[in-house]
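Data first, discussion second: the structure below is written as structure tokens.
Counting convention: from 1, in listed order, for ligands and their atoms alike.
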Amino acid sequence: MSGVTNSRLDRLLANLGYGSRKEVQAIIAGGDVVLDGAPIRRIDAKVPLTPDLPTRLLIEGRPVDPPPPLTLILHKPLGAVCSHREPGRSVYELFPRRWRARQPVLSSVGRLDGDTSGLLLFTDDGGLLHRIISPKKHVAKRYHVTLARPLEGHEGALFAEGTLMLDGEEKPLAPAILEPLGANLAWLTITEGRYHQVRRMFAAVGNHVEALHRDRVGGFDLPADLEPGRYRIIGESELAAVFSAPATT
Ligand code: URA
């Protein structure tokens, strides 16, 4: 048994966002879909959903989009928002337009605030998403924090205790690791993803976060050559790094 999943060609293209079932059937009938060098005109042709599919299947002369499961890393720029409900430019606008029609849906793995930059993963694999964001999995997220006021020196011990209660919450935060880098600069590593968590942690100790940037999730670092606003698809080894990291740096 090969273990490779096949999909009907018209269903695959519709699920990748190339158009409605009718629209993609017209593209196929026009001879604009080429597999391994030969046009395929049968809408019910079975196509193997392997990661190398974009090297084998061309749509109107271009490599087909990657089939599921698709996982990406985005260097989220400042100002882009993760939620469809927030005003502002959505992070999804940084991807090709047709990706918004993909099935299964591509979602961000957790969220970053509009005024936070850095490493943001996206996936269409619900199980993977859950494994990364679940607090039980203890996947560490590291933030570079710029503060309005100097650290006082007691914050690290308090964050590490696992007793800090944020306003309006009923459960204390899990222990977090603070590594001062200067009077107003620090790394903060947390394993949860509560709403505005880092900003609220510093507000709880009378400080204010001026700038926030995430550079690491698990053992996976934001690649130095990935500019803000750029994304790339990640494979098995980078995904393994997400789960391989210790909670400390
Ligand atoms: N904590 C915050 O306060 N904001 C983010 O974007 C991420 C973590």
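Put simply, no part of Y195 is less than 4.0 Å from ligand 1, judged by heavy atoms.
Atoms of ligand 1 lying under 4.0 Å from at least one heavy atom of Y143, given by number and element, are 7 (C), 8 (C). Each of the following atoms of ligand 1 lies closer than 4.0 Å to a heavy atom of L112: 6 (O), 7 (C).
Looking only at atom types and distance, the side chain of R214 has a donor-acceptor partner in the side chain of Y143 under 3.5 Å away. Under the 3.5 Å distance criterion, with hydrogens and angles disregarded, a donor-acceptor pair is assigned to the side chains of T50 and D52.
Looking at V209 against ligand 1, nothing comes within 4.0 Å, counting heavy atoms. Counting heavy atoms closer than 4.0 Å to ligand 1, residue T116 contributes side-chain atoms (C-beta onward) but none from N, CA, C or O.
The existence of a salt bridge linking R131 and D125 is excluded, since no basic side-chain nitrogen approaches an acidic carboxylate oxygen closer than 4.0 Å. Contact check on R200 versus E169 returns a salt bridge, with a Lys/Arg side-chain nitrogen under 4.0 Å from an Asp/Glu carboxylate oxygen.
Some N or O of H196 is nearer than 3.5 Å to an N or O of ligand 1, by distance alone.
Put simply, CD1 on I28 and CG on L12 are 9.0 Å apart, with the number rounded to the nearest 0.5 Å. Considering CG of L106 and CG of L72, their distance stands at 5.5 Å, rounded to 0.5 Å.
Looking only at protein heavy atoms, the nearest one to atom 1 (N) of ligand 1 is V198 N, 3.1 Å. Protein heavy atom closest to atom 4 (N) of ligand 1, with residue, atom name and distance, is D113 OD2, 2.7 Å.
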